[in-house]
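Structure first, then comments.
Note: hydrogens, waters and symmetry copies are ignored here, and every other heavy atom, side chains too, is used. Throughout, numbering of the chain's residues begins at 1 and tracks the sequence.
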Amino acid sequence: MTTSPMAPPRSFLWSRRIFLTLLTGFVLVPVYVMVSSSLKPLADVTGKFRWLPSELTIRPYIDIWSTVPLARYFVNSLVVAGAATVCSVVIAVFSAYAVSRYEFRGKRVFTVTVLSTQMFPGILFLLPLFLIYVNIGNATGIALFGSRGGLILTYLTFSLPFSIWMLIGYFDSVPRDLDEAALVDGCGPLGALFRVVVPAAVPGIVAVAVYAFMTAWGEVLFASVMTNDTTRTLAVGLQGYSTLNDVYWNQIMAASLVVSVPVVAGFLLLQRYLVAGLTAGAVK
């Protein structure tokens, strides 16, 4: 049997298979340990590790709701992440459309400034935001510190710059002829945006929404400082399974799997839009 002169060498094929096998094992082994530990009694988890559980139980999935107020944390995370996502998408759509379709003084400076904000680590903004929220609360009575609203504003400061930058690139890829055709048909600028540009930019908007949601859903640093017992989110609430007397490892694993379901399900449902939006928005 002859091989094509353009075919890769056999050594490359075997190296690729071995590498992909090791990479798959590297990803799946922690997932298996998490799933198996969530189905074990606590004594088995804290004892000698076994690949095959000696006893299977779903009790940890029942106890996670009573050990800590997981349902309240779940609602807080949904409200904060959902509101931050909606606000980020709406503001980014209008901002990116203005930058993409109109010429104005300082346009390049605005674009560079929006993108440059991603260079700074979030820890630099923690203390300034804390002081700003506390001073606003003392001066006006508006409780931003320890509230969902304050946490939503905090997450917008991180998701908006990247969202605007990515949508600018995606809107630039939408032909301007579509806008002109809509204007000829009697649509105004907003009509052209919502009737023509937004439907054509659905993959980019979905990518922005997924990015904003994931940024808010799993954030720990600001959620641990800017929240209290009533507004705590899931990322911080999972620490409640560790007490002074014991660490409920099986419940931690079970809760981690439960809180991962919305993100994983959303990613699988929107995967094709996410890939298309990232590739089109990142390359002009």
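- Remark: T230 OG1 to R72 CZ distance equals 6.5 Å, nearest 0.5 Å.
- Closest approach of V93 to F171, counting heavy atoms only: O-CE1, 3.5 Å.
- Using the six-membered ring where Trp is involved, F125 and F158 have ring planes that are perpendicular, over 60° apart on the 30 and 60° scheme.
- The two residues W217 and A81 have their closest heavy-atom pair at CE3-CB, 4.0 Å.
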For this session: Would you check, one step at a time, whether the test salt bridge (charged side-chain N to carboxylate O under 4.0 Å, His left out) holds for K107 with E103?
Result: CA-CA 7 Å; K107 174 180 176 179; E103 295 295 333; 3.3 Å; yes

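- Side chain to side chain, Y61 and S38 meet the donor-acceptor criterion of an N or O pair below 3.5 Å.
- Around the CZ atom of F104, the shell of radius 6.0 Å holds more than 12 heavy atoms that belong to other residues, nucleotides or ligands.
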Problem set entry | Check against side chain to side chain contact (heavy atoms under 4.5 Å, CB included), L151 and T231 | CA-CA 9 Å; L151 198 59; T231 59; over 6 Å; no

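- For W165 and F110, the ring centers sit 6.0 Å or farther from each other.
- By the rule that hydrophobic residues join a cluster once side-chain heavy atoms approach within less than 4.5 Å of another member, V225 and L127 end up as members of one cluster.
- Contact check for L238 versus I252: no side-chain heavy atoms found under the 4.5 Å cut-off.
- The environment of R195 atom CZ is sparse: at most 12 non-hydrogen atoms of other residues, nucleotides or ligands sit within 6.0 angstrom.
- Put simply, the side chain of R50 does not reach to within 4.5 Å of the side chain of D44, judged on heavy atoms.
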Problem set entry | Verdict with reasoning, V134 to N138, per side chain to side chain contact (heavy atoms under 4.5 Å, CB included) | CA-CA 6 Å; V134 171; N138 294 334; 3.6 Å; yes

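- F162 places none of its side-chain heavy atoms less than 4.5 Å from the side chain of T215.
- The same ILVMFWY cluster, assembled from side-chain heavy atoms under 4.5 Å apart, contains both L56 and V258.
- Atom CG of L20 has more than 12 neighbouring heavy atoms from other residues, nucleotides or ligands inside a 6.0 Å radius.
- Between L70 and A255, the closest heavy-atom pair is CD2-CB, 4.4 Å.
- F130 CZ to N135 CG: the interatomic distance, rounded to the nearest 0.5 Å, is 9.5 Å.
- Classification of the F74-W65 ring pair by plane angle, with boundaries at 30° and 60°, yields tilted.
- Side-chain contact between L129 and F222 is present, with at least one heavy-atom pair separated by less than 4.5 Å.
- Within 6.0 Å of atom CZ in R17, more than 12 heavy atoms from other residues, nucleotides or ligands are found, so the atom counts as buried in its surroundings.
- Y97 and A192 get closest at one heavy-atom pair: OH-CB, 4.2 Å.
- Side-chain N/O atoms of R148 and N76 include a donor and acceptor closer than 3.5 Å.
- The closest donor-acceptor contact from the side chain of Y248 to the backbone of P60 lies at 3.5 Å or more, if one exists at all.
- Here the side chain of Y155 pairs no donor or acceptor atom with the backbone of V80 at under 3.5 angstrom.
- Note: L153 CG to M226 CE = 10.5 Å, rounded to the nearest 0.5 Å.
- Closest approach of M253 and M34 over heavy atoms only: CB-O, 3.5 Å.
- In this structure, L234 CG and E219 CD are separated by 13.0 Å, a value rounded to the nearest 0.5 Å.
- With contacts defined as side-chain heavy-atom distances shorter than 4.5 Å, the pair Y170/V208 does not qualify.
- Defined by atom type and a distance below 3.5 Å, a donor-acceptor pair is present between the side-chain atoms of S88 and S163.
- Aromatic pair F94/F194: centroids less than 6.0 angstrom apart.
- Atom OG of S224 and atom CG of L126 lie 7.5 Å apart (nearest 0.5 Å).
- In this structure, OG1 on T57 lies 8.5 Å from CG on N250, to the nearest 0.5 angstrom.
- No single ILVMFWY cluster, assembled from side-chain heavy atoms under 4.5 Å apart, contains both V259 and V79.
- Residues I123 and Y133 fall within the same hydrophobic cluster, defined by Ile, Leu, Val, Met, Phe, Trp and Tyr side chains chained together at heavy-atom separations under 4.5 Å.
- Hydrophobic clustering places L124 together with I132 (ILVMFWY residues linked when any side-chain heavy atoms are closer than 4.5 Å, directly or through intermediates).
- Each of I64, D63, D246, V247 was evaluated against Y241; a single residue qualifies, I64, per the side-chain contact (heavy atoms from CB on, under 4.5 Å) test.
- Side-chain contact between I205 and L167 is present, with heavy atoms from C-beta onward closer than 4.5 Å.
- For T233 against A223, the heavy-atom pair with the smallest separation is OG1-CB, 3.5 Å.
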